[in-house]
Amino acid sequence: MDDQVPGEGPDAGGTQRLLRSGRTPAAVPGEPGAAGLVACVAAGRAADIAARLEDPSFVSQCAARYSAAGFGVAGAAEQRSWRNSWPPLFAALMRAGLKDLQVYLEYGTPGGGRRLDALVVGAAPGGALGLVVIELKQWQSCRILDADRVMREDGLVTAHPVHQVAAYRSFFQHWRPTSAPPLHVRAVVVLHNAGKAQGAALSAGAGEEAGVPVLTADDLAAPAQELAGLLCSADLEAPDAGQVEVFEHIRWEPSSRLLDHVGADLEGNSTFALVGDQQDAFVRIRSAAARHLPARGDAVPDGGGQGAVITVSGGPGSGKTALAVRLLGRLMRAHPATRPRFITPSGTLRAHLLDAVRGHSAARELFPAAGSLRSAAQQADALVIDEAQRIKRGGARGLPPDLAAVVEHVPLAVIFLDERQIIRPDEGTTIDEIRTAAQALGRAHHHLELTGSFRCSGSAAYTTWVDALLYGRPAAWRGHSGYHLSLADDPFALEQWTGQATAHGHTARTTAGFCWPWTRTRPRGATTLPLDISIDAAASPAAPVRTWRAAWNAATALTGPDGHPIAPHSQLWATHTGGHQQIGCIYTAQGLEYHHAGVIIGPDLTWNNGRWSAHPHRSHDDSLRHLTPDQYLPYALNTYRVLLTRGTHATRIHATDPDTHHMLTTLIHRD
């Protein structure tokens with residue numbers, strides 16, 4: 001069914017569970033609360049939900065839960081699709097003898113990227129749980145454009161439903177934590193209004209995505225035993241209450257990180273699935289590429305046509321870089337004559353991408369330095385630009401000259417940015433500036449927004465809390481979505497926490513505002529880093545003051561006499577061995593992630609009289625310290641927003657200013 005993008009919201013009432021992440025929601029009348037990762041509008045045994053469908057108020061109740069779950073507003077079209085698609089699905093489940101399997105309707109993925117139309121859970125052989133992801137379509141017919149895209153009857157181009165549901169299946173496979181029980185994940189597309197010929201055409205057009213049956217109205221009329229097999233559920237039995245509870249308490253977390261799979265992405269063999277609005281954006285960008293770029297084997301046409309400029313925005317962890325890298329791989333395979341390139345002004349991100357594909361001899365050419373953006377605009381017919389808000393303006397007003405050259409000359413430019421990650425006054429490209437420049441040149445401009453959260457354990461609630469803390473009205477942290485947020489009373493405790501997390505095999509890093517000097521050079525042969533960061537702390541007012549000292553990330557890699565790495569190069573600080581022993585800054589953390597994130601809010605940003613105050617004279621960033629407090633404030637807020645949203649599992653905060661730290665104690669409980 002056609003979906004809106006889910007978000008976070010309060011718990012819903014009613015007689016069905018509304019699953020939430022990492023906490024127990026308010027009890028539902030007649031039921032205990034349930035902890036889970038995401039939300040749904042209805043959950044229960046198939047027979048129970050089938051009976052509820054007879055109640056005329058059931059759909060309106062689901063619409064209320066839909067809104068309460070933060071999915072948006074379930075409009076008339078959405079509710080109509082439920083009324084049309086749910087009855088044939090449950091009629092098939094009943095007739096196939098699957099009445100005791102557990103079913104979840106509108107099951108939201110934890111990243112907030114998309115809702116699954118239906119998820120069936122049963123007990124599989126050998127003690128595993130069997131999951132069947134079902135994608136429901138009301139189509140009677142559609143036109144297959146290629147293996148990834150179809151055109152609906154209303155002319156809308158969308159993802160091939162087989163690929164769509166396969167991405168959901170991949171999500172459960174790659175976000176499964178090691179502590180979860182074995183999962184057998186299957187996927188089915190159900191076109192309950194279509195005939196067998198249309199189903200066969202869709203199956204044949206799916207290409208490489210084998211193993212996802214496409215069922216039509218003819219299939220749903222099959223004999224009961226055959227129907228259970230068609231629904232990939234013939235071997236599933238009713239799960240007991242304990243198994244249902246185990247499933248609902250799984251804390252879904254990614255088992256594959258982007259940079260581990262960049263090489264596979266570029267070769268077209270990615271295991272990093274695009275989900276929800278990532279996938280929708282991918283399909284739309286591919287459609288634009290098909291219109292404006294030559295296909296494999298074709299020459300680039302003279303002039304290249306008017307071309308298109310696509311902007312893609314999204315907050316921290318929304319999957320911008322994952323989509324950008326996947327897009328580069330697709331452009332390389334489908335449109336190699338266009339010489340596609342990936343450019344980012346973030347030297348740290350580029351260093352990690354190059355490190356991830358270091359086994360591919362030609363990979364370096366795919367990731368030119370940001371300084372070559374203007375020449376790339378003259379040579380490449382397809383450019384993917386990530387972290388575009390960081391492109392230098394060079395003193396120019398309006399669009400930076402290098403980016404203006406891209407908008408003017410490149411047939412297909414896909415530009416990823418987050419306006420709330422502008423951290424310097426010489427940066428700051430905006431969507432409006434790009435749109436205006438494109439329209440002035442008569443070029444098509446399309447804007448896409450990614451609203452999911454695939455970092456922070458998929459907790460959109462945490463990123464929302466951070467935004468409220470910095471830009472709105474700070475609120476108490478309620479422990480949403482299984483994400484762990486806490487305070488450290490002093491930097492000694494923060495250092496201990498980071499060390500313990502590292503000892504347990506997690507990637508743990510601490511960052512700080514740029515409030516202390518950074519010695520970039522060191523004597524030849526030195527085996528230690530200068531301890532530039534110095535913070536005085538006391539465990540209590542009566543306790544003696546202790547001075548905590550630490551080193552910034554190393555300007556160049558540092559190794560011991562035996563060749564053992566002591567500190568990685570600053571650009572690889574976030575992932576390479578030894579990085580947990582230095583403190584990172586905004587320039588080494590932006591665009592990256594790690595399991596546990598320690599954050600030191602320095603004296604450049606304090607909470608006074610119910611508002612944030614900026615103190616540029618406390619900054620050691622030469623690009624910022626000359627600003628007035630009012631000018632400095634938005635850059636400080638954006639900087640700490642980045643630092644606070646790097647952790648995939650946990651964040652722990654220490655503020656050096658006593659009043660600021662006290663304010664945080666009113667919002668965040670101590671461990």
Side-chain angles (χ1 to χ4, degrees), residues 257-260 262-263 266 316 320-322 324-325 328 341-358 360 363-377 380 383-394 400-403 406 415-418 421-429 507 509 511-514 518-522 529 551-558 565 567-579 582-594 619-624 635 638-639 641-643 645-646:
R257 296 179 59 218
L258 169 65
L259 296 179
D260 294 334
V262 171
L266 298 181
K320 297 186 298 297
T321 299
V325 172
L328 175 66
R341 295 293 183 266
F342 183 113
I343 295 183
T344 174
S346 169
T348 297
L349 175 58
R350 179 172 181 262
H352 277 81
L353 292 171
L354 291 174
D355 183 64
V357 297
R358 60 187 180 276
H360 303 273
R364 195 168 194 89
E365 297 181 15
L366 302 172
F367 302 97
S372 61
L373 185 59
R374 189 183 292 265
S375 63
L383 277 182
V384 179
I385 304 173
D386 198 11
E387 302 278 1
Q389 78 279 351
R390 294 204 55 198
I391 294 175
K392 297 291 188 292
R393 290 187 175 276
D402 288 352
L403 192 56
V406 171
I415 303 170
F416 295 79
L417 72 166
D418 178 0
Q421 291 195 46
I422 297 171
I423 57 174
R424 293 163 58 116
D426 59 347
E427 303 171 351
T429 298
T507 307
R509 297 292 186 268
T511 56
F514 202 167
W518 179 33
T519 304
R520 292 168 170 78
T521 60
R522 59 177 181 266
L529 295 172
W552 285 114
N553 36 228
T556 56
L558 179 64
H569 186 286
S570 60
Q571 291 185 332
L572 299 174
W573 157 88
T575 54
H576 277 215
T577 300
Q582 303 92 46
I583 307 304
C585 69
I586 180 64
Y587 302 114
T588 50
Q590 190 170 30
L592 302 177
E593 63 181 36
Y594 24 87
S619 172
H620 281 263
D621 191 329
D622 292 337
S623 67
L624 296 171
Y635 300 117
N638 288 354
T639 292
R641 177 178 184 255
V642 172
L643 301 185
T645 53
R646 299 303 94 192

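Both backbone and side-chain heavy atoms feed into the values below; hydrogens, waters and symmetry mates do not. Throughout, residue positions are numbered sequentially from 1 according to the sequence presented.
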Contact check, side chains of Ile343 and Leu383, non-hydrogen atoms, under 4.5 Å: yes
Contact check, side chains of Thr511 and Tyr594, non-hydrogen atoms, under 4.5 Å: yes
pair Leu403-Ile415: side-chain heavy atoms closer than 4.5 Å: yes
Pair Arg390-Tyr587, side-chain donor/acceptor within less than 3.5 Å: no
Over all atoms of both residues, closest heavy-atom pair of Gly578 and Pro568: C-CD, 3.9 Å
Arg509 and Arg646, any side-chain heavy atoms less than 4.5 Å apart: no
Closest heavy-atom pair and its distance - Asn553, Gly584: OD1-CA, 3.2 Å
Heavy-atom side-chain proximity of Ser570 to Gln582 below 4.5 angstrom: no
From Asp402 atom CG to Lys392 atom NZ, the distance as rounded to the nearest 0.5 Å: 11.0 Å
Sidechain-backbone polar pair: His569 side chain, Ala555 backbone, donor-acceptor under 3.5 Å: yes
Close side-chain approach of Val325 and Phe342, heavy atoms under 4.5 Å: yes
Side-chain donor/acceptor of Trp573 to backbone N/O of Thr588, under 3.5 Å: no
Pair Arg393 + Asp426: basic N to acidic O under 4.0 Å: no
Asp386 versus Phe416, closest heavy-atom pair with distance: OD1-CB, 3.4 Å
Main-chain N/O of Ile423 paired with Asn638 side-chain donor or acceptor, under 3.5 Å: no
Sub-4.5 Å side-chain heavy-atom contact between Trp552 and Thr519: no
Asp621 to Arg424 - nearest heavy-atom pair and separation: OD1-NH1, 4.4 Å
Heavy-atom side-chain proximity of Asp418 to Arg641 below 4.5 angstrom: yes
